[in-house]
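In what follows, chains carry the letters A, B, and so on, assigned in the order in which the sequence lines appear, proteins first and then strands, with residues in each chain numbered from 1. As the structure is a prediction and not an experimental result, all values here were calculated from the model.
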Protein chains: 2
Amino acid sequence: MARNPQEDPKPARARRRAGRATMSDVARLAGVSAITVSRLLRDPASVSGTLAVRIRDAIERLGYVPNLMAGGLAAAKSRIVGVVVPSIRNAFFAASVDALSARFGERGYAVLDSSSDYDLRREDTLIEAMLAWNPAALVLTGFAHGPRAAAIVARAGVPIVEMWDVAGRPFDMAVGFDHNAAGRSVARHLLARGRRRVAVIGAMLGKDTRASARCAGVREELERAGRPAVATIDLPRASNVGDGASAFAEALAAPGGIDAAAFSNDVLALGAIFECQKRGVRIPDDVAIVGFGDLDFAAHCRPSLTTLRPPREQIGNETARLLLSRIDGQTPERPVVDLGCDLVVRESA
Amino acid sequence: MARNPQEDPKPARARRRAGRATMSDVARLAGVSAITVSRLLRDPASVSGTLAVRIRDAIERLGYVPNLMAGGLAAAKSRIVGVVVPSIRNAFFAASVDALSARFGERGYAVLDSSSDYDLRREDTLIEAMLAWNPAALVLTGFAHGPRAAAIVARAGVPIVEMWDVAGRPFDMAVGFDHNAAGRSVARHLLARGRRRVAVIGAMLGKDTRASARCAGVREELERAGRPAVATIDLPRASNVGDGASAFAEALAAPGGIDAAAFSNDVLALGAIFECQKRGVRIPDDVAIVGFGDLDFAAHCRPSLTTLRPPREQIGNETARLLLSRIDGQTPERPVVDLGCDLVVRESA
DNA sequence: CGCTCGAATGTTAGCGTTGTCATTTTTAAA
DNA sequence: TTTAAAAATGACAACGCTAACATTCGAGCG
């Protein structure tokens, strides 16, 4: 059987393609070389105006979307920033990540975030998974990490910010505030208001080291004043209103009673407020209440809630700023940025 | 000047490398070819036990982490799933995304999520940015999209789920519930309880089409019963407790008063509850209140809140299930999964 | 008017993996 | 045993882009 001499002169291994237009397609249509298109996209100033117009036109006509995988492979780095938080459902971290994403998004970086559920071994796994993407930077939460984290991030060699805490030794940089100091400021406020029998109520103190540090701060300052906490309750689950209410009820039943309660979270404090409404306990006359977070409802509930206001968005913004400047090759300083945490005094304490 | 004949026989173009161990390094150490390592990682059953042990050992010793950029480029697809929600700070979407991430994470996929801030043009941009990563699947929110979205996703050719709504024509698949029906169930409940003068209060109804559909459902059912809403208030900002309180105060002042208020969000309803506590308005005796979301506090506030319970986590789980089965090459059905939305009747209405 | 120098553009060769096809080894059937 | 079929493994090129190096061109200068 005679073969048509014109058909496939070379077997030409069949290949898959994404199907989309490539940079070469754009270059061909614009009558330039691929590298010029690449340059225009990454550093517009390096391409002459005439070519720039032609290339942009070609991009538009082909609906060209760059393949960042290919770019990341070629440059041995990507425009991905990996973020690991305990839980994205936590309003505090969500606010920081949101700000972080916005800042990085403006600069063309995508943020990959994942939740460790307060499990340090899981965090190790997540960090390792992030590294598979050759991220340009890494954002972790706090200083408590899994056993392999140090080795993993050392190998990664990317700028890292540990956020939401400053009291510790960072791998690289840190942005946050001192939770122990914040806790102490709560205790001082209660003592100044004449409170002498304070209960401390927190959630997941064994895993949430920052909440734990705040509670410890409260207790330390109370002890220093010779008025140690009359009760300390550690709830086993993440903060929720119902547990806050029942823990508060438990604290009220402490022998000798209490005249104040400091919570590791506004959500728990809200539960206490509802419990008081139910029982007819007067706030702050009978019991003073202090929360943490300055969540939306804190200013509007009855009575309004005295609470600590963490710099949620600011943490995200500052983290992005530090990482971007490091990515841009600036000052390899190792800053620890303490943004502070103010006590907002309202009706409840 | 005589050149040393031994020095660089080939100029050998200098190249950048990520510095990490590569698959070839692992292969060399294990005494196999690179493709066998690749196979072990992607389909362990296709490699014999002897080699598998040797290769795993080499991976361990070198601390090898696969370069997913290279893999993504070679395979013309990635293990990334793109998600676009209006706001990750919204507790509803955060819950769905969290569940979604968990399900995909188990299968080795990373989730890239981004917030459009209820801006459809921005959503277009974000979808396009996602495509640059050659995602394996796309998750969008609702059916309202920007002008270029349809063209963009058509070119993408990946499975897509539009979540949190089912009342519309999906690009591909949809998982959620019928917001209009949910709103109607609220109105029926209030009517059944003898309420005749209902106010409808929502936030960002112009942009949040789902909240808008719920409010419309309430109004339609009230009209059908011959008891049209006595007031409709559309707040310009995202739901927050303060605005809920002031909008409720405004509704109370409607000529002839009101005996019920339906809110597009529990947060707004909580504001109303606080406002009632402040003014001494009795719930539900004077005014009945219904929210949406069944947020944490709904079961615990005083009075407890009657509200709609959306299947937050379920939406994420089901979305992941559909997409993964499609990725696995199964049934190219175009399902629309209606998970329903129950009314949880408590004290407030 | 030739020369240097810098800006603009092009050429080449990978980046680290996987799809395709080829080859070798093992297993099962005859 | 022989042989075909199946399983395991390998060789090679290609995915789409960018770093490094090479070349061209025109402005500015003596």
Side-chain angles (χ1 to χ4, degrees), chain A residues 8 10-28 30-55 59 62 64-79 131-134 136, chain B residues 8 10-28 30-55 59 62 64-80 108 131-134 136:
Chain A
D8 44 64
K10 245 193 288 185
R13 220 165 261 257
R15 276 305 264 193
R16 68 271 130 165
R17 312 170 112 261
R20 303 181 343 215
T22 70
M23 194 173 266
S24 303
D25 297 334
V26 173
R28 199 173 311 116
V32 299
S33 71
I35 192 71
T36 306
V37 178
S38 175
R39 288 204 181 99
L40 178 68
L41 262 24
R42 289 175 299 145
D43 179 18
S46 69
V47 174
S48 70
T50 0
L51 289 192
V53 172
R54 292 224 307 270
I55 294 171
I59 287 175
L62 291 174
Y64 170 68
V65 176
N67 183 328
L68 294 180
M69 299 252 156
L73 177 60
K77 70 191 176 203
S78 76
R79 285 187 161 259
L131 291 188
W133 290 108
N134 255 101
Chain B
D8 44 65
K10 244 193 289 186
R13 222 164 259 257
R15 273 308 262 194
R16 66 272 132 166
R17 311 171 112 261
R20 302 179 346 215
T22 70
M23 196 172 263
S24 304
D25 296 333
V26 173
R28 198 173 312 116
V32 299
S33 72
I35 193 68
T36 306
V37 178
S38 176
R39 287 204 182 97
L40 177 68
L41 261 24
R42 288 176 299 147
D43 179 18
S46 69
V47 174
S48 70
T50 0
L51 289 193
V53 171
R54 291 224 309 268
I55 294 171
I59 287 175
L62 291 174
Y64 170 68
V65 177
N67 183 330
L68 295 180
M69 298 254 157
L73 177 60
K77 70 191 177 202
S78 76
R79 285 187 161 257
I80 276 187
L131 291 188
W133 291 108
N134 255 106

request  = Taking the side chain as every heavy atom from C-beta outward, state whether B:Asn67 and A:Leu73 have any pair of such atoms under 4.5 Å apart.
outcome  =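 Yes, at least one pair of side-chain atoms sits under 4.5 Å.
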May I have the distance from [X] (atom [atom1]) to [N] (atom [atom2]), rounded to whole angstrom?
X	N	atom1	atom2	value
A:Met69	C:dT17	CE	P	14 Å
A:Asp25	D:dC17	CG	C1'	13 Å
A:Ile55	D:dC17	CD1	P	13 Å
A:Lys77	C:dC15	NZ	C1'	13 Å
B:Leu41	C:dG16	CG	P	16 Å
B:Leu68	C:dT17	CG	C1'	10 Å
A:Arg42	D:dG16	CZ	P	17 Å
A:Asp43	D:dC17	CG	P	18 Å

query = Taking the side chain of A:Tyr64 as its heavy atoms from C-beta onward, which of D:dC17, C:dT18, C:dT17 lies nearest to it?
reply =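 Nearest nucleotide to the side chain: D:dC17.
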Closest listed nucleotide, where the reference is the side chain of B:Leu73 and the choices are D:dG16, D:dT18, C:dT17 =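 Ranking D:dG16, D:dT18, C:dT17 by closest atom to the B:Leu73 side chain puts D:dG16 first.
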inquiry  = Among residues at least two apart in sequence or on other chains, which ones pass salt bridge (Lys or Arg N to Asp or Glu O under 4.0 Å) with B:Arg28?
reply    =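 With neighbours one apart ignored, the set is B:Asp25.
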Could you write out each protein N or O paired with an N or O of nucleotides 4-9 of chain D at a distance under 3.5 Å?
from, atom 1, to, atom 2, distance (Å)
D:dT9, OP1, B:Ser48, OG, 2.6
D:dT9, OP2, B:Ser48, N, 2.8
D:dT9, OP2, B:Ser48, OG, 3.4

message = Going by the rule side-chain hydrogen bond (donor to acceptor under 3.5 Å, both in side chains), which residues pair with B:Ser33 if we only count those two or more places apart in sequence or in a different chain?
response =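 By the side-chain hydrogen bond (donor to acceptor under 3.5 Å, both in side chains) rule, B:Ser33 matches B:Thr36.
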message = According to side-chain hydrogen bond (donor to acceptor under 3.5 Å, both in side chains), who are the partners of B:Ser78, at least two apart in sequence or on a separate chain?
response =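 B:Ser78 satisfies side-chain hydrogen bond (donor to acceptor under 3.5 Å, both in side chains) with no other residue.
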Table please: side-chain donor-acceptor pairs of residues 42-49 of chain B below 3.5 Å, with sequence neighbours left out.
from, atom 1, to, atom 2, distance (Å)
B:Arg42, NE, B:Ser38, O, 3.4
B:Arg42, NE, B:Ser38, OG, 3.1
B:Arg42, NH2, B:Ser38, OG, 2.8
B:Ser46, OG, B:Asp43, O, 2.8

task = Could you list the residues that satisfy side chain to side chain contact (heavy atoms under 4.5 Å, CB included) with A:Leu131, not counting sequence neighbours?
result =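 A:Leu131 satisfies side chain to side chain contact (heavy atoms under 4.5 Å, CB included) with A:Pro135, A:Leu138, A:Ile152, A:Ala156 once adjacent residues are dropped.
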